[in-house]
Amino acid sequence: MNESNVNSNNNYTKKPLTAKEEHALQQFKEITKDVADQINYDLEKFLRARCFDVQKAEQMLRNSVDFRKTMKVNTLLKDYKQPEVMRKYLTGGFCGHAKDGSPVRVELFGNLDLKGLMRSTKKSDFVKNKLQECEWTVSDWAEQSKKLGRPVDGMTVICDMADIGTSALWIPGIKLHLHLVKVLEDNYPEMLKRLLVINAPLIFPLLHKIARPLLSEDTRQKLYVKGDNYKDLLLSFIDAENLPACYGGMLTDPDGNPNCTTMIGQGGPVPEEFYFENADLKEQMQSVTVPRAGKIYIGAKVDRSLSVLSWEFQTEDHDIEFGLFYEENDSYITIKPVTRADSHVVTHDGTYTCDKVGKYFLCFDNTYSWTRSKQLRYTCEVYEPDQTIFSEDVTKLMKDGDIKTLTEKFKSHN
């Protein structure tokens, strides 16, 4: 792909405070001194995150203190244990430090089976895991500051997008990512020092277009994007001994593995044996019985074209047939033909970009089973094109689901 330089400034540094900002900081410290000792984080970061609006920063800080108490953040580092499925299949990890002393974290998004993980664990575990990573980062700052004899903060993140596919556009996964981003920005503001995106596919501008409204100008200044010619970029920030050998550095596992698998989770498909442990997903689903030798239709009203219809479903003990239809002139027009779904084994999901306004129907067909009714759980949601997840032009590009088609459409679209 053509190299996409979102930011060409390789020397991003925190701006010094103006006299007005310094006054705001002193005022902020004064009015929050009753809670400041309850949070192990630089107060100035909260103020910067709210553009030095003292009142908004105070509310942000007090909300964070309450959240930390609720989540027992102060004991997460030593007390929280990841579920087995996350220990085995969650990608990413820390692997040394950048030249400025900030910890380096590698994220392997192309190897992340987020759908499998979300079907195998609770949303709260994703939150606790991220909070634990942040608490480790804060403790590492203290150690590095003492070791180097100067203040150290921030995090350098390498985001490896090799092998990423259209699973990155899965709506429930995007919603989870947005939730985690909000949790981290609300409680660990200004933690990211730089984000180095490598192996960026041709579809990356599409993903960036989705995320751009969520990124502040300050965050965009920390973003760097490269295709497969990333070595010089990484080495400009990270010494070779702290950069995994697979990325052009010298760091390896004790056995010489260049991928540093003892430090960086490699991910991979989550085995189905871990599924159905997700109580959160079940609680969000509605329940209905599909009668023996019968079928039911679940309707969804679409008021705007290019809205995205999203669904998930599972059954107990036995399979069922599923299809999608559009109502027109009192008839059902087939969009997705009815086919057998092993939804008793794995949760099924899908999306459809609606060309037309009107009524769409999920069909759950049990007419082939004369002796047995089916217990069904499902979700069905409609996302309009101006909702935060998708803009209209992005939605148009998503109408075909394979990565090759999306890539070609994005190239021609631009």
Side-chain angles (χ1 to χ4, degrees), residues 12-80 100-103 105 123-124 126-146 148-157 177-195 211-223 388:
Y12 173 81
T13 57
K14 184 170 69 174
K15 296 178 182 178
L17 297 182
T18 64
K20 183 178 180 180
E21 291 170 342
E22 182 64 41
H23 176 73
L25 177 59
Q26 297 308 315
Q27 182 184 0
F28 180 55
K29 288 181 176 180
E30 178 63 27
I31 65 175
T32 60
K33 61 184 179 183
D34 60 313
V35 295
D37 62 347
Q38 299 178 41
I39 187 168
N40 182 27
Y41 206 73
D42 184 0
L43 295 184
E44 183 184 326
K45 292 178 181 290
F46 285 88
L47 197 56
R48 284 184 178 274
R50 292 296 179 265
C51 300
F52 290 87
D53 185 313
V54 175
Q55 185 176 359
K56 290 181 179 179
E58 179 190 7
Q59 187 61 56
M60 180 186 185
L61 177 62
R62 294 187 184 278
N63 289 344
S64 181
V65 169
D66 291 340
F67 175 80
R68 288 163 183 265
K69 289 178 181 177
T70 301
M71 298 299 295
K72 300 180 180 179
V73 170
N74 290 340
T75 61
L76 274 178
L77 264 181
K78 64 182 182 67
D79 291 346
Y80 176 66
D100 59 14
S102 63
R105 183 171 180 84
K123 182 178 180 180
S124 60
F126 285 97
V127 174
K128 289 177 182 178
N129 178 71
K130 283 300 177 185
L131 293 175
Q132 191 178 56
E133 290 175 7
C134 291
E135 285 298 296
W136 182 90
T137 300
V138 173
S139 67
D140 186 71
W141 291 345
E143 292 180 12
Q144 285 293 103
S145 297
K146 183 177 180 180
L148 300 177
R150 56 177 172 80
V152 171
D153 71 358
M155 183 192 299
T156 297
V157 178
H177 276 304
L178 299 185
H179 175 71
L180 294 177
V181 167
K182 186 176 189 308
V183 168
L184 300 188
E185 289 187 344
D186 287 349
N187 296 282
Y188 298 89
E190 303 287 307
M191 176 169 275
L192 179 68
K193 178 157 285 187
R194 59 186 67 92
L195 177 61
R212 186 176 177 85
L214 306 168
L215 303 178
S216 66
E217 179 60 33
D218 183 62
T219 299
R220 288 197 289 270
Q221 289 297 316
K222 304 172 184 178
L223 178 62
T388 56

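- In this structure, R68 satisfies the cation-pi test against Y188, with its NZ or CZ atom closer than 6.0 Å to the six-membered ring centre and inside 45 degrees of the ring normal.
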Could you walk me through whether L17 and E44 pass the side-chain contact (heavy atoms from CB on, under 4.5 Å) test, one step at a time?
CA-CA 10 Å; L17 297 182; E44 183 184 326; 3.7 Å; yes
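- For R150 and D100, the salt-bridge test fails: no basic side-chain N is under 4.0 Å from an acidic carboxylate O.
- Between the side chain of T156 and the main chain of R194, no donor-acceptor pair closer than 3.5 Å is present.
- E135 CD to N74 CG: the interatomic distance, rounded to the nearest 0.5 Å, is 6.5 Å.
- Here N187 contributes atom CG and K182 contributes atom NZ; the two are 8.5 Å apart, rounded to the nearest 0.5 Å.
- A donor-acceptor pair is defined here as one N or O able to donate and one able to accept, closer than 3.5 Å; such a pair exists between the side chain of K193 and the backbone of D153.
- With sequence neighbours excluded, the residues that form a side chain to side chain donor-acceptor pair (under 3.5 Å) with K33 are E30.
- Side-chain atoms of Q27 never come within 3.5 Å of backbone atoms of V54 as a donor-acceptor pair (strictly under, hydrogens ignored).
- Side-chain atoms of T32 and F46, non-hydrogen and from C-beta on, never get closer than 4.5 Å to each other.
- Between atom CD of residue E58 and atom CG of residue D53 there is a gap of 10.5 Å, rounded to the nearest 0.5 Å.
- Separating the CG atom in L61 from the NZ atom in K29 is a distance of 12.5 Å, to the nearest 0.5 Å.
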Would you please test F28 and L43 for side-chain contact (heavy atoms from CB on, under 4.5 Å) and show each step?
CA-CA 8 Å; F28 180 55; L43 295 184; 3.9 Å; yes
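- Side-chain atoms of Q38 do not come within 3.5 Å of backbone N or O of V35 as any donor-acceptor pair.
- Side-chain contact of Q59 with Q55: a donor-acceptor pair under 3.5 Å is absent, judged by distance alone.
- Judged as a side chain to side chain donor-acceptor pair (under 3.5 Å), and not counting sequence neighbours, K72 has no contacts.
- Under the 4.0 Å criterion applied to side-chain N and carboxylate O atoms, E133 and K130 are assigned as salt-bridge partners.
- The two residues L184 and C134 have their closest heavy-atom pair at CD2-SG, 3.7 Å.
- Minimum heavy-atom separation, S145 to V152: OG-N, 2.9 Å.
- For the atom pair OG (S139) and CD (Q144), the distance works out to 10.5 Å, reported to the nearest 0.5 Å.
- Between Y41 and W141, the two ring planes are tilted [angle within 30° to 60°].
- A distance of 5.5 Å separates CG of L192 from NZ of K222, quoted to the nearest 0.5 Å.
- The two atoms that bring G154 and P103 nearest to each other are O-CD, 3.3 Å, heavy atoms only.
- Minimum interatomic distance between S64 and D186 (heavy atoms only, all atoms of both residues): CB-O, 4.0 Å.
- Shown here is N40, whose CG atom has no more than 12 heavy atoms of other residues, nucleotides or ligands within 6.0 Å.
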